[in-house]
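Because only heavy atoms are used, hydrogens play no part in the values below, and waters and symmetry mates are left out as well, while side chains stay in. Counting from 1, the numbers follow the sequence of the chain as shown.
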Amino acid sequence: MIDFAKTLYARHNGVIHAYLSMTGGSAGRLVLSLVYFICIANGLSVAEFGLFATASAAGIMISRVLAFGFMSPLYRVATVKPLLVGTYSAGFVAGAVLSLPLIAILCLAIYYAVFARDMALGVFLALMAAEIICWRGLEVVAIVLNGLGRFGRAALLVVIGTGMRTAAALGFSFSHWASLETWSLLYLASNLVSLLIAVIWFFPKVRLRWRPGLYIRRWVDSVSVAGAEVLFYIQSEFDKIAVLAIGGPQVSGIYAIIMRLADLTALPVRSFNTLLVQKIMRTPGTISSWRTRLTIEALVAAVSFMAIAAMAIYLWIFPRGLGNNVAEAAPYLMAVLLVPSFRNLVEYHSELLYATGRTVRRIFNLVIAGVVKVALLAIVFKASTDVSYWAPLLNGVYLALYGASFALTYSALRGEAGRVI
């Protein structure tokens with residue numbers, strides 16, 4: 001057994017070291033994210049936390065429009081043709097500037113459709129700027145670093161960004177101005193500092209070169225990826241907006257607390273997804289066998305389940321272990337034990353399609369997944385907004401979502417992979 005482990009390590013030591021670097025960063029980020037969550041979930045009222053979480057979800061969705069998806073060619077180039085990073089970085093900056101008017105229109109449309117009666121416009125726009133410009137900008141830098149194989153630096157950058165948010169949250173929790181307006185300004189300031197750190201100290205030292213001919217050739221891939229990213233985050237984040245619209249801020253706050261705890265289970269899985277995507281881009285036959293596919297799915301599900309179960313057991317023993325506001329949602333965590341596994345597997349399926357260049361099919365799958373999810377959640381919450389009713393039903397909603405994603409993804413993988421660069 002020891003000899004087998006040594007052989008396995010010798011064969012895959014590069015991948016193992018890369019994963020350990022990324023999961024080390026994820027572990028640090030997990031701790032900071034938990035502290036951040038505790039401070040904000042308890043510093044704001046449950047209703048205000050619901051509004052913040054829902055606005056943040058809206059910002060995450062809209063942020064995928066930034067640069068019209070040109071982050072995708074930038075990442076692919078960093079992975080397989082690193083000498084072109086400077087050229088594609090110039091294309092990304094140009095695309096980001098051109099996308100700002102559309103982003104502004106989307107922000108205002110969502111604000112007046114959903115948030116106008118519960119949140120001031122200035123508060124909403126501060127949250128949007130933090131998510132769309134600042135945090136997405138930091139993510140792009142981290143994605144480029146991952147593409148170049150600098151996993152440790154990418155993980156460190158994300159930890160620093162999360163640390164800045166956590167520091168702001170700690171300051172907010174001890175302040176005498178515990179309002180959503182105050183938090184929106186602190187949130188924007190912490191994310192802006194993180195973006196400056198990312199651009200000045202972490203982005204690779206490259207010379208920007210303007211080559212519009214190259215960018216035009218990647219236009220279809222960029223726009224399709226942007227559409228897929230928006231649709232992915234609609235199906236993963238739109239639930240918060242739907243719950244706010246149907247149940248109001250108080251119900252959305254409890255839902256947001258439960259789903260935020262579920263989100264924390266995805267951090268180690270996403271590190272694995274990043275490495276697998278790069279492996280598939282370089283070696284398309286990596287997941288060709290069903291044995292490999294089902295083994296990976298089982299591992300993703302098991303890790304997700306164990307993570308949420310450990311959290312649920314902790315809150316069962318110590319109901320106020322994460323604060324008084326979280327204690328309102330703690331009894332219901334046991335009722336959603338399968339949700340993280342299904343959510344993380346749907347995200348994994350989306351990454352498989354991206355890695356194999358099936359960006360158009362990815363869009364189609366995400367449209368179907370989004371429709372299924374929103375329709376089922378609307379049925380559940382219109383029947384009752386009592387948490388004891390809808391919490392256990394979330395397992396069925398996400399099981400249906402996973403079943404649809406599984407069938408659509410693996411039927412798409414039967415054909416030949418598309419070109420990735």
Quiz item: Distance only, no hydrogens: is a donor on one side chain within 3.5 Å (strictly under) of an acceptor on the other, for Asp386 and Ser388?
Solution: yes
Quiz item: Are a donor atom and an acceptor atom from the side chains of Thr292 and Thr295 found within less than 3.5 Å of each other?
Solution: no
Quiz prompt | Val397: partners by side chain to side chain contact (heavy atoms under 4.5 Å, CB included), with sequence neighbours left out | solution = Leu376, Leu377, Val380
Quiz item: Among Tyr187, Tyr112, Tyr111, which one satisfies ring pair (Phe, Tyr, Trp, His ring centres under 6.0 Å) with Phe124?
Solution: Tyr111
Practice problem: Mark yes or no for whether Asn344, through its side chain, and Ser304, through its backbone, hold a donor-acceptor pair below 3.5 Å. | Solution: no
Practice problem: Would you tell me whether Arg150 and Asn146 have side-chain atoms, one donor and one acceptor, within less than 3.5 Å of each other? | Solution: no
Quiz prompt | Set of residues satisfying salt bridge (Lys or Arg N to Asp or Glu O under 4.0 Å) with respect to Glu139, sequence neighbours excluded | solution = Arg64, Arg136
Exercise. Return the minimal non-hydrogen interatomic distance between Ala67 and Ser99, and the atom names on each side.
Key: N-OG, 3.0 Å
Quiz prompt | Minimum-distance pair of heavy atoms, taken over all atoms of Asn42 and Asn325 | solution = OD1-N, 2.9 Å
Practice problem: State whether the number of non-hydrogen atoms from other residues, nucleotides or ligands found under 6.0 Å of Phe203 atom CZ is greater than 12. | Solution: yes
Quiz prompt | Main-chain N/O of Ala407 paired with Ser411 side-chain donor or acceptor, under 3.5 Å | solution = yes
Self-check item: Test item: Ser252 side-chain N/O and Leu244 main-chain N/O as donor-acceptor pair under 3.5 Å
Solution: no
Exercise. Flag yes if more than 12 heavy atoms outside Trp316 fall under 6.0 Å of its CH2 atom; otherwise flag no.
Key: no
Practice problem: With Arg76 as the cation and Tyr354 as the aromatic partner, state whether NZ or CZ is under 6.0 Å from the six-membered ring centre and within 45° of the axis. | Solution: yes
Quiz item: Would the Trp177 and Phe172 ring centres measure less than 6.0 Å apart?
Solution: no
Quiz item: Would Phe92 and Tyr88 count as a close aromatic pair, with their ring centres under 6.0 Å?
Solution: no
Practice problem: Could you please spell out the steps behind the salt bridge (Lys or Arg N to Asp or Glu O under 4.0 Å) verdict for Glu131 and Arg165? | Solution: CA-CA 12 Å; Glu131 292 290 357; Arg165 285 181 168 184; 3.6 Å; yes
Practice problem: For residues Met71 and Val144, determine if any side-chain heavy atom of one lies less than 4.5 Å from a side-chain heavy atom of the other. | Solution: no
Quiz item: Does any N or O in the side chain of Tyr402 come within less than 3.5 Å of the main-chain N or O of Val346, such that one atom is a donor and the other an acceptor?
Solution: no
Quiz item: Taking atom types as modelled, is there a side-chain donor on Asp239 or Tyr398 under 3.5 Å from an acceptor on the other?
Solution: yes
Exercise. Look up atom CD1 in Ile133 and atom CG in Leu66, then write down how far apart they are to the nearest 0.5 Å.
Key: 5.5 Å
